[in-house]
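Since we're looking at a predicted model, the values are computed, not measured.
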Amino acid sequence: MLKYSLRRLLIGAGMLLALSMLIFVMLRLTPGDPIDAYIDPNVPMSPSDLAELRATLGLDRPLPLQYLAWLQQALTGNLGYSIQRPDQAVLNLVFSRIGPTVLLMGTAIVLAIIAGIATGIISAVRRNSLADVSFSVLAVTGISSPPFLSGLVGLYLFSVYFNWMPSGGMLTPGREFSLLDLIHHLILPASLLALAQTALIMRYMRGSMLEVLNQDYVRTARAKGVAEFWVITKHALRNALLPVITLIGSTIGLAIGGAIFIESVFNWPGMGLLMVTAVENRDYPVIMGSTLVIGACVITVNLLTDLAYAVVDPRIEVG
């Protein structure tokens with residue numbers, strides 16, 4: 001297990017390095033000059049002043065040297081300072097936004113796991129029934145709905161038309177902190193974020209459970225008179241969960257992509273809203289720093305998923 005973990009860590013470190021290189025190069029290839037983000041268009045600057053600022057920021061050096069200089073600072077924990085807020089260190093800015101995003105994504109993933117597994121089991125056990133058809137239609141709808149569409153539709157229906165849920169924010173402005181108020185603001189964005197993940201987990205769980213229910217050991221358990229509840233939960237569920245565990249790990253990346261849109265629609269003060277604002281303002285240090293932190297989180301989750309899969313399925317060789 002130790003060798004397997006170290007091997008996965010090395011692979012993850014390589015992926016993170018490649019990701020940082022890709023983002024750095026793509027940002028430099030975007031239209032415009034990076035120096036434009038550092039100057040005030042209302043303040044005239046002479047060519048010599050621009051050259052001095054470019055040299056101070058290290059933008060006069062070749063692109064590989066710029067990347068190596070940034071990587072050296074990043075390895076020490078220094079991700080630079082925000083262009084829009086020069087007094088804010090990028091690392092502190094990112095860490096201040098991780099909490100709301102983790103709360104939103106964590107709630108969405110828990111909801112997706114519970115709802116997806118439960119509906120997948122029901123659909124498999126009651127194959128071709130009204131419940132199976134209904135859940136399948138909802139799953140196809142959820143998979144086909146991009147986060148920005150489901151977010152806008154959900155915002156209009158539940159916040160504007162029915163006025164059941166708050167239209168944005170994490171807490172009610174001007175009101176003292178209340179757990180119920182936080183939950184009230186969390187329900188709608190978390191549910192919409194969980195929609196696509198629930199549909200995916202449900203489809204995988206249904207197919208995996210149908211395959212397991214046709215195995216000989218399940219039929220043997222039923223022939224011995226074991227109650228159907230224990231046949232499902234004790235004999236079939238564990239093996240049916242194996243492919244779903246891998247899927248749950250991969251949905252973290254999908255949840256991050258969806259969180260960017262959901263946080264923007266509901267003005268949720270997390271990493272997604274931070275990245276959108278940074279892209280709009282061409283705040284390169286914030287874009288690089290937040291992307292690096294998110295990439296590290298995704299790689300860590302994938303590593304934990306691989307380890308969990310190996311623990312659940314002892315047939316996997318991890319030596």
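- No side-chain N or O of Tyr217 forms a donor-acceptor pair with one of Arg219 less than 3.5 Å apart.
- Between Phe24 and Trp70, the two ring planes are tilted [angle within 30° to 60°].
- When each of Asn92, Asp87, Asp283, Asn281 is tested with Ser82 by the rule side chain to side chain donor-acceptor pair (under 3.5 Å), just one qualifies, namely Asp283.
- Judged by distance alone, with hydrogens and angles left aside, the side-chain atoms of Ser96 form a donor-acceptor pair with the main-chain N or O of Leu93 at under 3.5 Å.
- In this structure a side-chain-to-backbone donor-acceptor pair under 3.5 Å is missing from Ser123 to Gly120.
- Using a 4.0 Å cut-off between charged nitrogen and carboxylate oxygen, Asp132 and Arg206 count as a salt-bridge pair.
- Between the side chain of Gln197 and the backbone N or O of Ala112 there is no donor-acceptor pair closer than 3.5 Å.
- Using bins of under 30°, 30° to 60° and over 60° for the plane-to-plane angle, the ring pair Trp164/Phe162 lands in the parallel bin.
- Contact check for Thr172 versus His185: side-chain heavy atoms found under the 4.5 Å cut-off.
- Considering only residues two or more places apart in sequence or on other chains, Arg222 meets the salt bridge (Lys or Arg N to Asp or Glu O under 4.0 Å) condition with Glu228.
- Between the side chain of Ser208 and the backbone N or O of Met205 there is no donor-acceptor pair closer than 3.5 Å.
- When each of Leu111, Thr198, Thr107 is tested with Ser191 by the rule side chain to side chain contact (heavy atoms under 4.5 Å, CB included), just one qualifies, namely Leu111.
- Residues Met271 and Arg97 have side chains in contact (heavy-atom distance under 4.5 Å, counting atoms from C-beta outward).
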